[in-house]
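See below for the structure under consideration.
Just follow the structure's listing: the first ligand is 1, and inside any ligand the first atom is 1. Sequence positions, counted from 1, serve as the residue numbers for this chain.
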Amino acid sequence: MNGNDHLNVISSQQEPLLVADSTSRGDDLDRGELGNGDGAGDVRSAPGKLGNESASLFIWMLTFSAGISGLLFGYDTGVISATLVSIGTGLSDRTLTSLDKSIITSCTSLFALLVSPSASVLADSLGRKRVILAADVLFVVGALIQALSTTIFAMVIGRSIVGAAVGAASFVVPLYIAELSPAAHRGRLITMNIVFITLGQVIAYIVGWVFGSYASQETGWRWMVGLGALPAAVQMVLLLFMPESPRWLVKAGRSGEAKAVIQKVSGGNQLGTSSRLVDATLKTIEIEVREEEAARRLSSRRTGRNSPAWVEVMRELFAVRRNRRALAIACLLQGLQQLCGFNSLMYFSATIFTLVGFPIPTLTSLVVAVTNFAFTLIALGLIDRVGRRRILLWSIPFMIGGLLLAAYGFSFVQLSSDSTNEAGVGTAQPAQGAAFIILVSIMIYVAGYAIGLGNVPWMQSELFSLGVRSVGSGISTATNWGANFVIGLTFLLLMDVLTPTWTFVLYAIICGIGYGLIWRVYPETAGLTLEDAATLLEDDNWGVR
Ligand SMILES: O[C@H]1[C@H](O)[C@@H](O)[C@H](O)[C@@H](O)[C@H]1O
């Protein structure tokens, strides 16, 4: 990544700030406080004003395109659950082992982790739209390779290509949206992303259940993975009608085109948007781009080294105490979001419910995705009112309770290790009471997760000061993908080696440790300005009262 990337990514990573920020801007503007357009403050208000005026069709298209990326992310991570229990001997003419399943699942997160940093470089040189288009091509190719694969190796290649697409899209799409949407809508648009991810997972589970139950054994799973190509193709077509980001255009020295885009985004001339406002918006972007370049020059002059901008930013991130602390907290939350084991359920719930003896495991496992989606919606309504720290401290105990109850339920399920069922883990003696306990406990756990840990870590950017926000957010996002990879790779092996009971106890212990750490170091940042939040971390107590 170069310096520009870092600064660009800022916008993609600042969803919660933008919610607060843009709301207040919107309020000010509603009260007619746009100012005279001369000062920087006035100029900076302009995008909010533009956004409030109209452009609703455009906003809908933007929401929809953004939604498709979230859906794809969710679909491709969720669909593996039903796929794994439906493949049977369809790949390499044999039953999949736990290791096969773990690799097929986790290669997606590994490639997402590997590709997202390079996506940022490409987004800067080629433009945002081209990278999204490339990601869509990868989504389509990956889906088709999976659908047509006859060997485990081909399936792993297909899943890895989809992982690369998820990595690129999860980075570039929020960036593109943040740069295109008027400020008053920006926060909401980016927050929608997480709702769409969980919705994509619900759709994947429904598709998994329908094709797993009603299609033939040979073709059902091929449809499940192949259908991922469809939304990507729709997004490609939609993108043809969408403009390039004006911010990127300005940086590429194409201010004229940027102006035309701003006009379009803001409802354009047809709606009588004053050209003064369009000019003001353009000026804001130009000022920001110039400031970024100046900051980069200053920084290399200060250190006397001509190191790349990202090296400078890294230095600032680790040398300044409050930045270091912000990074520690952001990585703690992102790591915990994955290491708490939630995606073990997302990826393997059908396997687990097969193991427990449910007759239609793909249908039963739908409760995981639906509970996650429903409680994510509730969380988005609650989070600003309750506060991040408080919502985590309230919800994690439910997760721990759910995990321990599931562990207890699993202690009644007899596994015989000498034979493997289609889940590849071991055959089960169905025990109805135990199956019910496991189902209910998993729902409690998932609800607790979706209310807190599923969301709060993505609010990471509000911990960082502007200069290090993008790199800090990038590192914590990588922590998320890295931990996601570890969970996908190890879950089935842990189930084999430790037994299901102790695997769930292990996740409960991780949640317990995470709870202690959050209680100790994560201050409440809701409702604070950026400056106040950053100052909190200077405090000896990490701002925790
Ligand atoms: O915030 C999301 C959401 O909770 C998804 O359900 C989960 O699969 C992702 O890993 C997570 O990052």
Sequence neighbours left out, what pairs pass ring-ring contact (aromatic ring centres under 6.0 Å, His included) with at least one residue falling in residues 483-511? Phe348-Phe491, Phe410-Phe504
Do the ring planes of Phe211 and Trp223 sit parallel (below 30°), tilted (30 to 60°) or perpendicular (above 60°)? parallel
Decide yes or no on side-chain contact (heavy atoms from CB on, under 4.5 Å) for Ile475 and Leu317, but give the supporting numbers first. CA-CA 11 Å; Ile475 295 176; Leu317 185 61; 3.7 Å; yes
Would you please write out the protein residues whose heavy atoms approach any atom of ligand 1 to under 4.0 angstrom, listed by chain and number? Ile194, Thr198, Gln201, Gln337, Gln338, Phe342, Asn343, Asn372, Tyr449, Gly454, Trp458
Per the side-chain hydrogen bond (donor to acceptor under 3.5 Å, both in side chains) rule, what does the pair list look like for residues 508-524, sequence neighbours excluded? none
Ignoring hydrogens, what is the shortest heavy-atom contact between Pro361 and Pro359? Give both atom names and the distance. CD-O, 3.3 Å
Across all chains, not counting sequence neighbours, the ring-ring contact (aromatic ring centres under 6.0 Å, His included) partners of Phe358 are Phe353
